[in-house]
Amino acid sequence: GSEVLLDHRTAIKVAYSGSERRLVLLRGQAHFAPTAVGPNEARPFLVQVGDTSVQALGTRFNVNTLGGMTDITAIEHQIAIKVDSAKGTPRILNPGEAVRVRDGTLEEHGSSSALASAWQQSRIIVDRLTLEQAAELLARYSYQPVTLMPGAGGGRQVSAVFDARRSEQAVDAVAAEYGLRVRTLP
């Protein structure tokens, strides 16, 4: 059968029907390994994120939602991506290719299969994210809430690699690098 591996604080909704296998990614990140369409399974496998749908044309891919954008990476075989607001045919991604969907637009994204799968090895890779997006990402792995006060990020970008099992140390490192103060609330 199909398999889905969910990252921390990720939520999906299963919406299978007689004509399709649809999952809705509500928040977070997931790795999808659907059973291929073939003699034993005729229904297409789709992942919906907002107005974007990803159809498996092969077997493995990763979808990550963060800060109003969605990163989609083909890991094995191909996937087809369609943004409802975009005209034309779906965009086909080959293994190792990635796109970012932001404001209904597909953008090339330099992600790789290894980068997209790093969370499965307990690594948090922050790659050119704003401080706000980095805080949202680190919050997935933290036992304490992680928020950035409005305006504190100032559009600054972060790139770093952290151990997901030590998210509090990651928060402290980002705060020290950018002159931010960490407050732990009771």
Side-chain angles (χ1 to χ4, degrees), residues 3-12 22-34 44-141 146 148 153-164 167 170 174 177-178:
E3 295 179 3
V4 179
L5 180 61
L6 302 178
D7 196 0
H8 294 266
R9 300 188 191 205
T10 295
I12 62 171
R22 181 177 297 271
L23 298 174
V24 179
L25 182 60
L26 302 169
R27 70 173 178 271
Q29 176 170 227
H31 175 89
F32 299 93
F45 186 92
L46 302 162
V47 174
Q48 188 77 36
V49 182
D51 70 345
T52 303
S53 63
V54 181
Q55 181 178 352
L57 303 177
T59 50
R60 294 179 41 221
F61 61 98
N62 197 80
V63 181
N64 182 23
T65 62
L66 184 67
M69 62 187 184
T70 302
D71 290 341
I72 303 165
T73 306
I75 297 173
E76 278 184 9
H77 301 104
Q78 295 178 320
I79 56 177
I81 301 165
K82 177 79 171 123
V83 179
D84 290 344
S85 60
K87 308 262 189 281
T89 59
R91 169 75 197 287
I92 305 296
L93 291 186
N94 293 305
E97 293 181 333
V99 294
R100 175 168 284 164
V101 181
R102 185 185 349 232
D103 301 324
T105 303
L106 282 174
E107 308 169 357
E108 295 299 321
H109 185 53
S111 183
S112 68
S113 299
L115 183 66
S117 302
W119 61 274
Q120 296 172 43
Q121 286 82 42
S122 298
R123 287 184 298 150
I124 304 170
I125 298 183
V126 179
D127 183 29
R128 297 171 300 204
L129 297 178
T130 65
L131 279 170
E132 292 84 0
Q133 292 165 331
E136 181 182 337
L137 180 60
L138 292 173
R140 282 186 193 164
Y141 303 95
V146 177
L148 191 64
R156 295 178 285 179
Q157 290 194 336
V158 180
S159 292
V161 178
F162 300 107
D163 185 335
S167 60
V174 171
E177 178 68 24
Y178 291 91

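On a predicted model such as this, the values are computed, not experimentally measured, just so you know.
Under the 4.5 Å side-chain criterion, counting only non-hydrogen atoms from C-beta, Phe32 is in contact with Leu23. The shortest distance between side-chain heavy atoms of Ile12 and Val24 does not fall below 4.5 Å. In this structure the side chain of Thr10 reaches within 4.5 angstrom of the side chain of Leu25, judged on heavy atoms. With contacts defined as side-chain heavy-atom distances shorter than 4.5 Å, the pair His31/Gln120 qualifies. For the pair Asp51 and Val83, the minimum side-chain heavy-atom distance is below 4.5 Å. Contact of the Thr65 side chain with the Thr70 side chain is registered, since non-hydrogen atoms from C-beta on lie closer than 4.5 Å. Within the 4.5 Å cutoff, side-chain heavy atoms of Gln55 are placed close to those of Pro44. Looking only at side-chain heavy atoms (C-beta outward), Ile81 and Pro90 stay at 4.5 Å or farther from each other.
Listed here is the closest heavy atom pair of Ala135 and Val146: O-CG1, 3.6 Å. When every heavy atom of Arg91 is checked against every heavy atom of Glu108, the shortest pair comes out as NH1-OE2, 2.8 Å. The nearest pair of heavy atoms linking His77 to Ala74 is O-CB, 4.1 Å. Across all their heavy atoms, Gln48 and Asp84 have their closest contact at NE2-OD2, 4.2 Å. Nearest approach of Ala56 to Ile79, heavy atoms of both residues: CA-CG2, 4.2 Å. Between Thr73 and Ala98 the shortest heavy-atom distance is OG1-CB, 3.5 Å.
The closest donor-acceptor contact from the side chain of Arg156 to the backbone of Gly153 lies under 3.5 Å. A donor-acceptor pair under 3.5 Å is formed between the side chain of Glu136 and the backbone N or O of Gly67. Judged purely by atom type and a 3.5 angstrom limit, Tyr178 uses its side chain to pair as donor or acceptor with the backbone of Gln157. Gln133 places a side-chain N or O within 3.5 Å of a backbone atom of Thr130 that can act as its donor or acceptor partner.
A side-chain donor from one of Asn62 and Trp119 sits under 3.5 Å from a side-chain acceptor of the other.
Relative ring orientation between Phe45 and Phe61 is described as perpendicular, the plane-to-plane angle rising above 60° on a 0-90° scale split at 30° and 60°.
With Asp71 as reference, Arg100 is the one residue of Arg100, Arg102, Arg128 to meet the salt bridge (Lys or Arg N to Asp or Glu O under 4.0 Å) rule.
Atom-to-atom distance recorded for Glu97:CD and His109:NE2 is 13.0 Å, nearest 0.5 angstrom. Summarising the geometry, atom CG belonging to Asn64 is positioned 10.0 Å from atom CD1 belonging to Ile72; distances are rounded to the nearest 0.5 Å. Taken to the nearest 0.5 Å, the OG atom of Ser53 stands 6.0 Å off from the CZ atom of Arg22. Rounded to the nearest 0.5 Å, atoms OG (Ser167) and CD1 (Ile124) are 6.0 Å apart. Of the inter-residue distances, the one linking Leu131 atom CG with Leu129 atom CG reads 9.5 Å to the nearest 0.5 angstrom. Leu5 contributes atom CG, which lies 10.5 Å from atom CZ of Arg60 (distance to the nearest 0.5 angstrom).
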Could you check Asp163 against Arg123 for salt bridge (Lys or Arg N to Asp or Glu O under 4.0 Å), going step by step and ending with a plain yes or no?
CA-CA 5 Å; Asp163 185 335; Arg123 287 184 298 150; over 6 Å; no
Side chain to side chain contact (heavy atoms under 4.5 Å, CB included) between Leu66 and Arg140, worked out
CA-CA 10 Å; Leu66 184 67; Arg140 282 186 193 164; 4.1 Å; yes
Using the rule given for side chain to side chain contact (heavy atoms under 4.5 Å, CB included), can you reason through Ser159 versus Val126, listing the C-alpha separation, both sets of side-chain angles and the distance that settles it, and then say yes or no?
CA-CA 5 Å; Ser159 292; Val126 179; 5.8 Å; no
